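No hydrogens, no waters, no symmetry mates; every other heavy atom, side chains included, goes into these values. Per chain, numbering begins at 1; letters A, B, ... match sequence-line order. This is a predicted model, so every value here is computed, not measured.
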Amino acid sequence: MKYWLMKSEPEAFGIDDLANRPDQTEPWDGVRNYQARNMLRDEMKVGDEVLFYHSNCKEPGVVGIARIVKAGYPDDTAFNPDSKYHDPKSTADRPIWYRVDVALVRKLKRTIGLSELKLYPELADLALVRKGNRLSVMPVGEAEYRFILELE
DNA sequence: GCCAACGTTGGC
DNA sequence: GCCAACGTTGGC
């Protein structure tokens with residue numbers, strides 16, 4: 001089993017939005033970055049656990065735990081001309097972009113803030129805390145994953 | 001709102 | 001293939 005961190009802007013789709021979805025499940029679509037795409041398509045497997053992270057907001061940080069419930073499959077928002085994620089280069093025959101489905105495991109009791117995550121040498125290798133990181137999906141080591149959750 | 005960091009685009 | 005210009009991300 002692997003561990004991941006996925007960013008979302010709470011104004012667009014936050015942990016409470018996930019909690020209110022049917023089956024508390026949501027297709028994670030709209031990712032338009034090749035590095036992230038490769039992880040969605042090739043590496044994320046059913047059962048993998050995900051730290052749900054709020055970005056670009058008042059208190060950026062980890063707010064919940066989710067689980068992959070469907071492994072990578074084509075992101076058909078790319079095929080839809082009306083979607084803001086439309087990409088004419090991606091077709092059903094040759095999809096470029098992929099998504100996974102994630103389900104809520106639970107919300108954390110508190111937000112584990114980015115500023116807090118930056119304090120610990122144990123987390124120094126975490127892509128999230130490294131300068132200039134812009135990936136919306138990133139791997140988290142098992143030890144780092146457990147360390148972060150113990151901060152709760 | 002500012003701006004640094006990064007990815008993508010397109011002219012050459 | 002280079003690289004300047006541009007757009008986006010996301011913390012602060």
Side-chain angles (χ1 to χ4, degrees), chain A residues 2-21 26-44 48-68 72-141 143-152:
Chain A
K2 289 183 180 151
Y3 301 91
W4 307 92
L5 182 144
M6 299 174 91
K7 293 179 184 171
S8 188
E9 301 189 13
E11 214 162 296
F13 188 84
I15 191 79
D16 289 324
D17 295 306
L18 183 60
N20 290 328
R21 282 291 190 267
E26 178 75 2
W28 203 273
D29 50 28
V31 174
R32 297 292 180 265
N33 169 283
Y34 283 100
Q35 234 184 309
R37 187 281 310 270
N38 293 344
M39 290 186 267
L40 291 168
R41 187 187 60 187
D42 306 330
E43 295 183 49
M44 303 179 87
D48 287 1
E49 288 192 5
V50 176
L51 297 172
F52 194 112
Y53 178 90
H54 279 175
S55 68
N56 204 9
C57 59
K58 196 168 182 183
E59 195 187 7
V62 177
V63 293
I65 305 171
R67 178 178 290 123
I68 308 294
Y73 63 106
D75 179 353
D76 64 16
T77 63
F79 311 149
N80 177 3
D82 296 329
S83 169
K84 62 175 171 176
Y85 300 127
H86 181 228
D87 181 352
K89 294 194 295 298
S90 183
T91 63
D93 281 351
R94 291 171 157 252
I96 297 175
W97 305 114
Y98 283 73
R99 62 184 167 192
V100 298
D101 289 356
V102 301
L104 182 69
V105 174
R106 66 180 176 88
K107 289 171 65 174
L108 298 189
K109 294 190 281 286
R110 69 181 186 89
T111 298
I112 302 171
L114 176 63
S115 57
E116 185 177 350
L117 297 174
K118 285 178 171 171
L119 295 176
Y120 299 99
E122 289 90 339
L123 301 178
D125 288 335
L126 201 63
L128 182 75
V129 304
R130 290 210 300 263
K131 189 169 154 187
N133 166 67
R134 287 171 50 184
L135 272 181
S136 62
V137 176
M138 67 190 78
V140 177
E144 293 164 325
Y145 182 84
R146 299 198 185 290
F147 185 89
I148 291 168
L149 289 183
E150 276 174 20
L151 297 173
E152 183 187 11

How many Å lie between [atom1] on [X] and [atom2] on [N], as a whole number?
| X | N | atom1 | atom2 | value |
| --- | --- | --- | --- | --- |
| Glu59(A) | dC12(C) | CD | C1' | 14 Å |
| Gln35(A) | dG7(B) | CD | P | 7 Å |
| Lys131(A) | dG7(B) | NZ | P | 14 Å |
| Leu117(A) | dC12(C) | CG | P | 11 Å |

Pairwise distance CZ(Arg21(A)) to CD(Glu26(A)) - rounded to 0.5 angstrom: 4.5 Å
Sugar-phosphate only, base, or nothing, as touched by Lys118(A) at under 4.0 Å among non-hydrogen atoms: sugar-phosphate
Side-chain (Ser8(A)) to main-chain (Phe13(A)) donor-acceptor, under 3.5 angstrom: yes
Upstream residue (5' side of DNA chain B) when Asn56(A) and Gly132(A) are each assigned their closest nucleotide: Asn56(A)
Restricting to nitrogen or oxygen on both sides, can you table the protein-nucleotides 8-11 of chain B pairs closer than 3.5 Å?
none

May I have the list of side-chain donor-acceptor pairs in residues 90-98 of chain A shorter than 3.5 Å, sequence neighbours left out?
| residue | atom | partner | partner atom | Å |
| --- | --- | --- | --- | --- |
| Ser90(A) | OG | Ile96(A) | N | 2.9 |
| Thr91(A) | OG1 | Arg94(A) | N | 3.0 |
| Trp97(A) | NE1 | Asp87(A) | OD2 | 2.8 |

Heavy-atom check, side chain of Val62(A) versus side chain of Leu117(A), under 4.5 Å: yes
Pair Arg106(A) + Glu152(A), salt bridge at N-O below 4.0 Å: yes
Derivation of the side-chain hydrogen bond (donor to acceptor under 3.5 Å, both in side chains) call for Ser136(A) and Arg32(A): CA-CA 10 Å; Ser136(A) 62; Arg32(A) 297 292 180 265; over 6 Å; no
